[in-house]
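In what follows, a single structure is set out as structure tokens and then discussed.
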Number of protein chains: 2
Amino acid sequence: MKAVLFLALHTNDNQKWMVKDIYSRINVPQSYLAKILQELSKRDVISSSRGPKGGFYLSEANFDLPLIKIVDVIDGKQRLRSCMLSIKECDSDNPCALHDLVGNTNSEFIKRLEQTTILDLISDVKEGKSVLPL
Amino acid sequence: MKAVLFLALHTNDNQKWMVKDIYSRINVPQSYLAKILQELSKRDVISSSRGPKGGFYLSEANFDLPLIKIVDVIDGKQRLRSCMLSIKECDSDNPCALHDLVGNTNSEFIKRLEQTTILDLISDVKEGKSVLPL
DNA sequence: TCCTAAATCTGATTAATATCATATTTTAGG
DNA sequence: CCTAAAATATGATATTAATCAGATTTAGGA
């Protein structure tokens, strides 16, 4: 998430970012960042190009992706969506003891991740409404 | 959480529960359950007595504990309460890019964990409003 | 008082995740 | 077409969390 937001904030038409120039700026270990970015790239959350002048960046399409996409790619779709007591048959018809307590607030959270795009977030940052890492 | 809810539902004045009689009923590995219950007991979330006729159970006081206590003991207080981007200075005055998106829904979640007691949850179960494990 | 059944304590093992290292592929530029 | 710079792929190591095993303490009952 930090890496994507970093790219969102610093990508421009003629600049791509290499792992070695990002990791220290967002306090993430270099090798771990590399693996994460490669995964995100493979799953089309971010973009990349190889070779000299290459690096990671966000395409127009990437900017419009909802944040949930990042979460789903990194953590898997079930992480946010499965029963907190890991009960298989848990749903609104057959709610576990925690279903309602967790459910409302959790689905609200998911909804926000679905409705908010990367672009939305960095717009806030650029308008000074929020701040980013380091 | 599953174990505590199990105890809440099955504790009565003259019955205590041993690890070996619980673990298979809630689908949790025996050794792991033992360690968890011991930790919960040490931190006064649940009660226990040693020796023959001993076991784990909930005292009156335990029943009135808010769910947040379980989470805090097992996961540590920071787990639910620290910045999602792990930014040290992140707060409402200096919000990170995700602060508002996460914050509202997260503090609502925490509030519910603080306001709901173990007793509340199992009352629902006993009234048939929700179901429990297996 | 002794035996046994239980939790407790401690350290070891296993599994999962994070991190590292390095060889391979791709591509811009000479 | 060659070279160097970048991502990519793959496997190894390190760290953390989950699980196991066994020795120790406590308490009930004969």
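A, B, ... follow the sequence lines: proteins, then strands. Residue 1 opens every chain. Computation of the quantities below employed the complete heavy-atom set of this structure, encompassing side-chain atoms and omitting hydrogens, waters and symmetry-equivalent molecules.
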Can you give each donor-acceptor pair under 3.5 Å made by side-chain atoms of residues 115-125 of chain B, sequence neighbours left out, with the distance rounded to 0.1 Å?
residue  : atom : partner  : partner atom : Å
B/Thr116 : OG1  : B/Arg112 : O            : 2.8
B/Thr117 : OG1  : B/Leu119 : N            : 3.4
B/Thr117 : OG1  : B/Asp120 : N            : 3.0
B/Thr117 : OG1  : B/Asp120 : OD1          : 3.4
B/Thr117 : OG1  : B/Asp120 : OD2          : 3.2
B/Asp120 : OD2  : B/Thr117 : N            : 2.9
B/Ser123 : OG   : B/Leu119 : O            : 2.7

To the nearest angstrom, how far is [X] atom [atom1] from [N] atom [atom2]?
X: B/Gln30; N: D/dG22; atom1: CD; atom2: P; result: 13 Å
X: B/Asp75; N: D/dA17; atom1: CG; atom2: P; result: 10 Å
X: A/Ile22; N: D/dA6; atom1: CD1; atom2: P; result: 12 Å
X: B/Leu37; N: C/dA7; atom1: CG; atom2: P; result: 9 Å
X: B/Ile74; N: D/dA17; atom1: CD1; atom2: P; result: 13 Å
X: B/Leu33; N: C/dT8; atom1: CG; atom2: C1'; result: 14 Å
X: A/Tyr23; N: C/dA18; atom1: OH; atom2: C1'; result: 17 Å
X: B/Arg43; N: C/dA7; atom1: CZ; atom2: P; result: 20 Å

For B/Gln30, the side-chain hydrogen bond (donor to acceptor under 3.5 Å, both in side chains) test, sequence neighbours excluded, returns none

A/Lys42 side-chain N/O to D/dA7 phosphate OP1/OP2 under 4.0 Å: no

Could you pull out all residues at least two apart from [X] that satisfy side chain to side chain contact (heavy atoms under 4.5 Å, CB included)?
X: B/Glu39; result: B/Lys42, B/Arg43, B/Val73
X: B/Asp93; result: B/Asp91
X: B/Arg50; result: none

Given protein heavy atoms under 4.0 Å, the one-letter contact record of nucleotides 21-29 of chain C, with B base, S sugar-phosphate only and - none, is simply ----BBBB-

Is a salt bridge present between A/Asp72 and A/Arg81, judged by a nitrogen-to-oxygen distance below 4.0 Å? yes

Minimum-distance nucleotide to B/Met18 side chain [options: C/dA7, C/dT19, D/dT19]: C/dA7

